[in-house]
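Heads up: the structure comes next, in structure tokens.
Throughout, a chain's letter reflects where its sequence line sits, starting with A, and its residues are numbered from 1. Heavy-atom basis, side chains included; hydrogens, waters and symmetry copies ignored.
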There are 2 protein chains.
Amino acid sequence: MSEAGASELAEQSAVVRRFNRSYTQRVGALEESFLGLGMPLGTARLLYEVGVEPGTTRDLRARLGLDSGYLSRLLRRLESDGLVDVSPDDDDRRRRRVRLTAAGRRAWDDLERRSAERARDLIAPLTPRQRARLAAALSDADLLVRAATVTLEQVSPTSDEARAAVAAYVAELDERFPGGFDASGAVDADAERLAPPTGAFVVATSDGAPVACGGVQALGDGVGEIKRMWVHPGWRGAGLGSRLLRHLEGVCRDLGYDEVRMDTNGSLVEAVAMYERAGYRRIARYNDNPYAEHFFAKRIA
Amino acid sequence: MSEAGASELAEQSAVVRRFNRSYTQRVGALEESFLGLGMPLGTARLLYEVGVEPGTTRDLRARLGLDSGYLSRLLRRLESDGLVDVSPDDDDRRRRRVRLTAAGRRAWDDLERRSAERARDLIAPLTPRQRARLAAALSDADLLVRAATVTLEQVSPTSDEARAAVAAYVAELDERFPGGFDASGAVDADAERLAPPTGAFVVATSDGAPVACGGVQALGDGVGEIKRMWVHPGWRGAGLGSRLLRHLEGVCRDLGYDEVRMDTNGSLVEAVAMYERAGYRRIARYNDNPYAEHFFAKRIA
DNA sequence: CGAGAAGTCTGACTAGAATCAGAGACCATG
DNA sequence: CATGGTCTCTGATTCTAGTCAGACTTCTCG
């Protein structure tokens with residue numbers, strides 16, 4: 001990294017820290033809206049989590065990062081207060097399903113209301129214009145922070161995550177291509193080529209949901225091809241595409257390729273722009289993909 | 001508030017909550033960089049605070065919001081670990097001054113380094129462009145959140161806070177007015193008029209530091225005059241001025257006035273623009289203030 | 001100087017968060 | 001149906017955060 005880049009990074013991280021300090025001090029209190037309901041914070045957090053999405057104790061433990069014994073005790077308390085209903089799972093009677101009772105739902109609504117009130121009180125002193133500015137800044141920051149914490153993971157192209165991501169990709173192509181997109185067969189047929197030893201498939205997830213994906217397959221002669229690259233529409237504009245592209249180039253390198261190629265349709269204007277920005281040059285058609293209109297290549301060290 | 005305003009407020013508060021949830025989940029961990037030093041969080045927070053700015057235990061208690069007994073114990077622990085040095089204050093031997101020892105400074109640097117690393121790791125996956133965007137969004141949000149949590153408090157015009165704020169105000173006028181500003185005597189002479197029963201002085205503070213101020217004094221015939229209105233340069237553009245102005249109008253109303261007047265110098269362009277935006281109309285000169293060039297009035301219900 | 005206020009410290013205590021080991025229920029499999 | 005593995009629960013225990021009352025020291029001000 002250049003000298004200038006490093007000092008910028010330091011300055012930006014200082015901004016993050018400064019923000020973090022002042023924000024948690026003032027707004028961290030939002031979490032404390034969980035207090036004052038006559039139950040300790042941990043119990044309230046659990047109640048809240050159950051209300052957001054009921055599930056097995058196992059799920060809840062994973063989501064909240066709690067010890068099983070501790071969770072059990074918290075649940076017992078909520079149960080004896082009549083706020084949740086714990087019953088064995090029919091599929092596996094070792095597991096227990098947790099859901100809110102009617103009283104629990106009321107308590108949850110109460111939490112929700114308090115939390116919303118806190119947020120409203122926070123921004124109430126601002127003028128409407130300033131409030132709009134704050135909302136814009138926070139949602140921008142939110143997108144970027146989420147994007148920064150997305151994890152890229154190599155998975156089997158036949159895994160559930162991969163299938164879900166590819167399905168979203170195909171659905172979008174079908175919608176955006178002038179004549180629609182017919183994926184019949186091709187998806188499953190390609191699956192094998194997108195797996196080791198000569199291929200790979202990467203899914204980016206945030207909170208467990210796929211938000212981007214991309215695959216690599218062999219094209220012969222030390223050339224790798226990037227396929228099925230997709231970024232969730234709600235996640236565009238946060239540099240996730242470039243990051244994924246860089247990552248896939250690294251995967252190609254690891255697989256021993258020294259050149260990357262790809263094709264794309266002209267209606268995917270953002271993609272075309274991104275490839276050009278990333279240093280890809282246009283080349284002649286190298287396959288008979290009927291949907292492909294632009295062809296790119298880039299040498300990787 | 002209008003129907004549209006209310007729904008906007010609800011939506012903006014939802015943005016705040018959404019951001020808060022995802023941010024604390026991902027970045028709240030920044031605070032936890034305080035962990036892993038072999039000391040509990042509370043102790044580490046205290047150590048950090050002492051390092052940021054040494055002071056008396058009284059200061060620290062105010063800054064961290066701790067019970068005196070509790071603070072005493074935490075200090076004892078840091079002292080016995082050789083990280084801080086606690087000694088009686090020479091000015092007032094009931095008080096104790098706390099400062100870091102050399103070892104404490106090293107531990108503090110360690111905390112600092114960890115925290116900076118955390119922040120850097122967070123933003124590292126972003127492209128330089130996205131990082132710059134995040135930094136911009138966060139500093140914007142920071143300013144607005146700080147502004148929203150500023151507290152407006154009525155104080156005596158002879159109090160320390162008031163004096164500090166007025167001193168800053170005078171210094172700025174002296175710098176901005178083409179011929180400088182001579183405050184000799186006027187400041188103290190006016191102090192009495194800016195106090196109850198016919199006047200008031202309001203100071204806005206954030207983290208204990210004055211960031212804005214303004215006073216009201218009687219002008220006769222049910223007219224109140226706003227004087228010494230000032231907003232810290234670093235805090236402009238966050239709606240703090242408008243908020244303070246609205247607040248002072250409320251103070252005037254409470255004091256029984258039905259009209260507000262003020263004068264200002266032409267070089268304070270932001271102030272002039274703000275008064276006009278707030279519904280003030282220009283009137284003829286109503287005093288012999290040599291620095292005043294514009295005169296405003298507004299009727300309050 | 002004396003009274004009361006301000007400041008700090010100590011001891012006693014409570015509640016919450018969290019961990020750990022082991023008991024017991026249940027499942028999948030050969 | 002025996003066995004090992006998974007899952008939840010209970011009891012025992014530790015650490016941290018935080019509160020409260022009262023003792024003691026020092027200051028301020030009449």
Side-chain angles (χ1 to χ4, degrees), chain A residues 24-25 28-29 31-50 54-81 83-99 111, chain B residues 24-25 28-29 31-50 54-81 83-99 160:
Chain A
T24 52
Q25 195 184 337
E31 269 276 315
E32 285 161 26
S33 55
F34 281 0
L35 293 172
L37 269 181
M39 67 176 82
L41 187 67
T43 319
R45 266 206 315 241
L46 175 57
L47 177 68
Y48 185 79
E49 210 58 43
V50 173
T56 63
T57 55
R58 188 172 177 63
D59 297 338
L60 292 169
R61 229 171 50 219
R63 274 195 270 159
L64 289 165
L66 299 175
D67 171 83
S68 73
Y70 186 29
L71 176 63
S72 175
R73 242 175 285 271
L74 292 178
L75 276 177
R76 193 86 338 103
R77 157 134 197 206
L78 287 175
E79 202 178 9
S80 76
D81 287 351
L83 299 176
V84 304
D85 184 67
V86 181
S87 56
D89 185 358
D90 287 337
D91 291 345
D92 181 343
R93 301 186 62 78
R94 286 172 303 186
R95 296 192 182 154
R96 327 210 95 206
R97 301 211 140 266
V98 186
R99 71 173 80 77
L111 284 178
Chain B
T24 52
Q25 195 184 335
E31 268 277 313
E32 284 162 27
S33 55
F34 279 0
L35 293 173
L37 269 181
M39 67 177 83
L41 188 66
T43 318
R45 267 208 313 245
L46 175 57
L47 177 68
Y48 185 79
E49 210 59 42
V50 173
T56 63
T57 55
R58 186 170 177 65
D59 298 338
L60 293 169
R61 229 170 52 219
R63 276 195 268 160
L64 289 165
L66 299 175
D67 172 84
S68 73
Y70 186 29
L71 175 63
S72 174
R73 242 175 286 270
L74 291 179
L75 276 178
R76 194 84 340 103
R77 158 135 196 205
L78 287 176
E79 203 178 9
S80 77
D81 287 351
L83 299 176
V84 304
D85 183 66
V86 182
S87 55
D89 184 359
D90 286 336
D91 292 343
D92 180 342
R93 300 184 62 79
R94 288 172 303 186
R95 297 192 183 153
R96 326 212 98 205
R97 301 213 140 266
V98 186
R99 70 173 82 77
D160 287 350

>> Just to be sure I understand the rule, does T56(B) reach a base, reach only the sugar-phosphate, or reach nothing, if contact means heavy atoms closer than 4.0 Å?
In response: nothing
>> Just to be sure I understand the rule, does D92(A) reach a base, reach only the sugar-phosphate, or reach nothing, if contact means heavy atoms closer than 4.0 Å?
In response: sugar-phosphate
Spacing between [X] atom [atom1] and [N] atom [atom2], to the nearest angstrom:
X      : N       : atom1 : atom2 : value
L46(A) : dT8(D)  : CG    : P     : 13 Å
L75(A) : dC7(D)  : CG    : P     : 16 Å
L60(A) : dC7(D)  : CG    : P     : 14 Å
L71(B) : dA17(D) : CG    : P     : 13 Å
E79(A) : dC9(D)  : CD    : C1'   : 12 Å
D67(B) : dT14(C) : CG    : C1'   : 14 Å
Y70(B) : dT10(C) : OH    : P     : 16 Å
D90(B) : dT26(D) : CG    : C1'   : 14 Å

Where the side chain of [X] is concerned, which of [options] is the nearest nucleotide?
X      : options                   : value
R58(A) : dC7(D), dC20(D), dC9(C)   : dC7(D)
L41(A) : dT8(C), dC9(D), dA17(C)   : dA17(C)
R93(A) : dA17(D), dT26(D), dC27(C) : dC27(C)

> Toward the 5' end of DNA chain D, which comes first, G69(A) or R95(A), by nearest nucleotide?
Replying inline: R95(A)
> With a 4.5 Å limit on heavy-atom distance, are the side chains of T57(A) and V98(A) in contact?
Replying inline: yes
> Does R76(B) place a side-chain N or O at less than 4.0 Å from the phosphate oxygens OP1/OP2 of dT8(C)?
Replying inline: no
> Is any side-chain nitrogen or oxygen of T57(A) closer than 4.0 Å to OP1 or OP2 of dT8(D)?
Replying inline: yes
> Looking only at N and O atoms, is any donor in the side chain of R94(A) or the base of dT6(D) less than 3.5 Å from an acceptor on the other one?
Replying inline: yes
>> Using 0.5 Å steps for rounding, measure from the CG atom of L74(A) to the OG1 atom of T43(A).
In response: 5.0 Å
> If you round to the nearest 0.5 Å, how far is CG of L66(A) from CG of L46(A)?
Replying inline: 7.0 Å
> On DNA chain C, nearest-nucleotide positions of R61(B) versus R73(B): which is more 5'?
Replying inline: R61(B)
> Looking at E49(A), R97(A), R99(A), which hits side chain to side chain contact (heavy atoms under 4.5 Å, CB included) with P54(A)?
Replying inline: R99(A)
> Which atom pair, heavy atoms only, marks the closest approach of R58(B) to R95(B)?
Replying inline: CD-NE, 4.5 Å
